[in-house]
Amino acid sequence: MAQFSRIDVVNAMRDTGMVPLFYHPDIALGKKVLKACYDGGARLMEFTARGDFAYEVFSELNKYAIKELPGMIMGVGSITDAAAASLYMQMGANFIVTPSLREDIALACNRRKVLWSPGCGSLTEINRAEELGCEVIKLFPGSTYGPGFVKAIKGPQPWTSIMPTGGVSTEESNLKGWFDAGVTCVGMGSKLISKDILANKDFEGLEHLVRETLATIIKIRN
């Protein structure tokens, strides 16, 4: 069962402005990545469930977060059907992120009052997602649409909350473009938790980068 309500999750997304994305089959390494992000100030983590037995890894990481990292909100991404969403919710996923708009996933998550964020790429998809109760739209792939798309959507629909994923980097100019356009938060994967960081096990460097990126977001918003 989720430890955090969907309201808690939305507030954390809005307050911190960033959702790190991560997948690795090594549980021990995953815990160190999670701890580094937490110590750097992140309070959300989207575990991208892309590998075989990924649910076993998530289960251990979520148990670790609950026990050792108070306030860390673990969610799952790359979910493509309601059965997978239900599986991860049984393991305590606090939010579900999907690459596309799936109404079966919306229904499964709404039954448990768990936040779900679908990948959308048109105003029609965004409107349908919001009709189904979506709080935060995932703009995916973000690099294809860009900040201009967000600004255009926010014009007629200022109430729409958007989280671009893909095409978001730690550079101030990139972040400024997105936040000036009106995004609620950004999803950040390999540009934050890079292959080099993982290969070199540079968890101290990751903690520093997370802290710097969050500080940049605060600076831009103010």
Side-chain angles (χ1 to χ4, degrees), residues 3-22 33-47 65 69-75 77 94-95 97 115-120 123 126 129-130 134-194 197 202-222:
Q3 300 286 307
F4 299 89
S5 74
R6 54 186 171 188
I7 304 302
D8 294 331
V9 178
V10 171
N11 286 339
M13 287 178 169
R14 184 179 297 114
D15 292 345
T16 65
M18 182 176 75
V19 180
L21 285 69
F22 169 75
V33 168
L34 195 54
K35 179 76 160 54
C37 290
Y38 181 83
D39 289 345
R43 288 300 176 265
L44 300 127
M45 171 65 77
E46 177 189 325
F47 178 79
L69 308 175
M72 190 62 167
I73 303 172
M74 291 290 293
N94 295 284
F95 61 95
V97 182
L115 181 134
W116 57 284
S117 182
C120 295
L123 187 53
I126 290 171
E130 291 179 330
C134 178
E135 295 287 347
V136 179
I137 299 292
K138 173 185 176 179
L139 180 64
F140 180 76
S143 57
T144 300
Y145 297 96
F149 182 85
V150 176
K151 190 173 182 179
I153 294 297
K154 296 283 284 187
Q157 296 193 179
W159 57 81
T160 295
S161 296
I162 297 175
M163 172 180 66
T165 301
V168 181
S169 70
T170 59
E171 282 76 23
E172 183 173 350
S173 59
N174 182 278
L175 292 169
K176 183 172 174 55
W178 288 113
F179 281 98
D180 283 356
V183 302
T184 296
C185 62
V186 294
M188 201 176 303
S190 60
K191 300 292 186 181
L192 181 71
I193 308 171
S194 68
I197 283 176
D202 184 12
F203 305 115
E204 185 177 336
L206 175 58
E207 178 186 336
H208 179 72
L209 182 58
V210 169
R211 184 176 292 110
E212 274 195 337
T213 304
L214 290 171
T216 299
I217 290 171
I218 291 172
K219 175 185 173 184
I220 291 168
R221 285 172 154 179
N222 293 334

For the residue pair E171 and S173, confirm or rule out a side-chain donor-acceptor distance under 3.5 Å. no
Does T16 use its side chain to pair, donor to acceptor, with the backbone of A12 at less than 3.5 Å? yes
Within the distance-only criterion (no hydrogens, no angle test), does the side chain of K154 pair as donor or acceptor with the backbone N or O of T160 below 3.5 angstrom? yes
Can you tell me if N174 uses its side chain to pair, donor with acceptor, with the backbone of S169 under 3.5 Å? yes
Using every non-hydrogen atom in the two residues, find where Q157 and E130 come nearest and quote the distance to one decimal. NE2-OE1, 3.6 Å
Is it true that, when you exclude K191 itself, more than 12 heavy atoms of the residues, nucleotides or ligands shown sit nearer than 6.0 Å to its NZ? no
Backbone of N94 reached by a side-chain donor or acceptor of R6 within 3.5 Å: no
Restricting to non-hydrogen atoms, name the atom on A36 and the atom on L206 that form the minimum distance, rounded to 0.1 Å. CB-CD2, 3.9 Å
For the residue pair G167 and S143, what are the closest heavy atoms and their distance? CA-CB, 3.7 Å
So, are K219 and E172 salt-bridged, with charged N and O less than 4.0 Å apart? yes
So, E212 and T170: side-chain donor and acceptor under 3.5 Å apart, yes or no? no
When you measure from the centre of the six-membered ring of Y38, is the NZ or CZ of K35 under 6.0 Å away and within 45° of the axis? no
